[in-house]
2 protein chains.
Amino acid sequence: MSHDAAPLMGRRERKKQATRAALREAALRLAIRDGVENLTVERIADEADIALRTFFNYFSSKEEAVVATVSSAAEALIAEFRARPRTESVLRAFREAVLVILNESDDANRHYLAVVRLIHRTPSLVPQQLAVLAAQEKALAEAIRERVDAAEGSVYPAVCASAVLAALRIVVNQWLEPEREPSAALLGREVDLVIAELAAGLDRQRS
Amino acid sequence: MSHDAAPLMGRRERKKQATRAALREAALRLAIRDGVENLTVERIADEADIALRTFFNYFSSKEEAVVATVSSAAEALIAEFRARPRTESVLRAFREAVLVILNESDDANRHYLAVVRLIHRTPSLVPQQLAVLAAQEKALAEAIRERVDAAEGSVYPAVCASAVLAALRIVVNQWLEPEREPSAALLGREVDLVIAELAAGLDRQRS
DNA sequence: TGCATTGATGCGCGTCGTGCAAGTTTGATG
DNA sequence: CATCAAACTTGCACGACGCGCATCAATGCA
């Protein structure tokens, strides 16, 4: 998406990013292979050929390293959301952003799905995932606030951001609940449905 | 609300509850006094006069013990929600349940506010809080599903539960952002506003 | 080339979290 | 009431964790 900008960062910054990425990928690979419970920081550091102590300069726990991928995905999603034309409403823009991300199917995307699957079978990672999402909620809320030009004290941006991310998370989780093909089309339909619900309002009565 | 039922639990279960409560309250007290970072499991165990090893029979980390109070509060809220008459719509019933809980102002309530304040000034606890909320989301989603008699595969209950809990969390957080009186009335008004937004739908355009 | 900044690494220490094997309390049974 | 099994508490030990600190190496700049 936005990497290897030549003189944007010097050798220093590039090496940092490389180290971080190496640790992130090593953590994910080992976590998938052996399970998070049979995973030590030392193994991750060895796999990435980084000193044990250095690991903690980048991540404060192995869980953080494993889940770091979803942070990247969320950032990409929010960037896409910001890039949508201002004529689109909030939910519309979000829907389009999700579909764009889904149809990219590059490395980041596959890594993201791998992490989500891993989290799905490793409940102990859920807190970490939620922590990452919560951090991104702030960013998304700010983007929403700008889009609708809401007042400072309004709770709408925060609530909308939270609801929308939660809805996406729920749909994705349900989507990989049974054994399914990685049918992006089906997931896209589910996204449309849930966004329609958010738009229509969440109140209901016994039918 | 529903305690000390005489022969509902034998001495065994009662002692377990007492131990758990003692640890929970000791953890909260020390965390408020010294800050979560200057807090060790050993100190908590000593304060509650429980063996260090025994602590881990109840909680797997000090954070879990500190945040355990919000779990109780959420359970009480959901129980109240379930008790609302079925003629009330989902959001209406939730609003009433929140107001009932807010106006109780018993010990549990004060403890809950204390925990929220603590989390508010201790970002490292947010993941734990979200984990607890996520666990309760399932219960609330099930309650919502029963209320509206939704189908099994529907995402509405989960999305609604998540959105509603997130909205409540956001409102409470914003409510204790500046120095305010513990004015339950003001909080009640904010709850009404945010629930009205959820009911009206979350889509918006630049005005 | 010399120098200041910043990251990488090794070391040490206190804490964490848990398996294991006792000892103790509880509730049930005859 | 005596006895027993299940469940809970506790101490012990051990590996892993997370970080402060000092040191070395790499980088960017004048």
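Within every chain, numbering begins at 1; the chains are lettered A, B, ... in the order of the sequence lines, protein sequences first and strands thereafter.
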(request) Take B/Phe55 and A/Thr54, find for each the nucleotide of DNA chain C with the closest heavy atom, and name the residue whose nucleotide sits nearer the 5' end. (result) A/Thr54

(request) Could you list by number each residue of residues 35-49 of chain B showing a heavy-atom separation from DNA chain D of less than 4.0 Å, or answer none if no residue does? (result) none

(request) Establish, yes or no, whether the cationic atom of A/Arg20 lies under 6.0 Å from the six-membered ring centre of A/Phe59 and within 45° of the ring axis. (result) yes

(request) Heavy atoms under 4.0 Å is the rule here; annotate nucleotides 18-30 of chain C 5' to 3' with B where the base is hit, S where only the sugar-phosphate is, and - elsewhere. (result) BBB----BBS---

(message) With a 4.0 Å limit, can you tell me whether B/Tyr58 has a side-chain N or O closer than that to the phosphate oxygens OP1/OP2 of D/dC8?
(response) no

(request) In whole angstrom, give the distance that lies between atom CD of A/Glu64 and atom P of D/dC17. (result) 14 Å

(message) Can you measure A/Asn57 atom CG to D/dC19 atom C1' for me and round it to whole angstrom units?
(response) 10 Å

(message) Would you say that B/Arg206 contacts A/Glu88 through its side chain, given a criterion of any heavy-atom pair below 4.5 Å between the two side chains?
(response) no

(message) Ring of A/Tyr58, cation from A/Arg24 - is the NZ or CZ under 6.0 Å from the centre and inside 45° of the axis?
(response) no

(request) May I ask you to verify if any side-chain N or O of A/Thr19 is less than 4.0 angstrom from the OP1 or OP2 atom of C/dA8? (result) yes

(request) Could you tell me whether B/Glu96 and B/Arg92 make a salt bridge, using a distance below 4.0 angstrom between a side-chain N and a carboxylate O? (result) yes

(request) With side-chain contact (heavy atoms from CB on, under 4.5 Å) as the test, would you mind laying out the steps for A/Glu152 and A/Arg145 before giving the verdict? (result) CA-CA 8 Å; A/Glu152 270 297 334; A/Arg145 199 193 63 77; 4.1 Å; yes

(request) Check whether the side chains of A/Glu25 and A/His111 place a donor and an acceptor atom closer than 3.5 Å, and report yes or no. (result) no

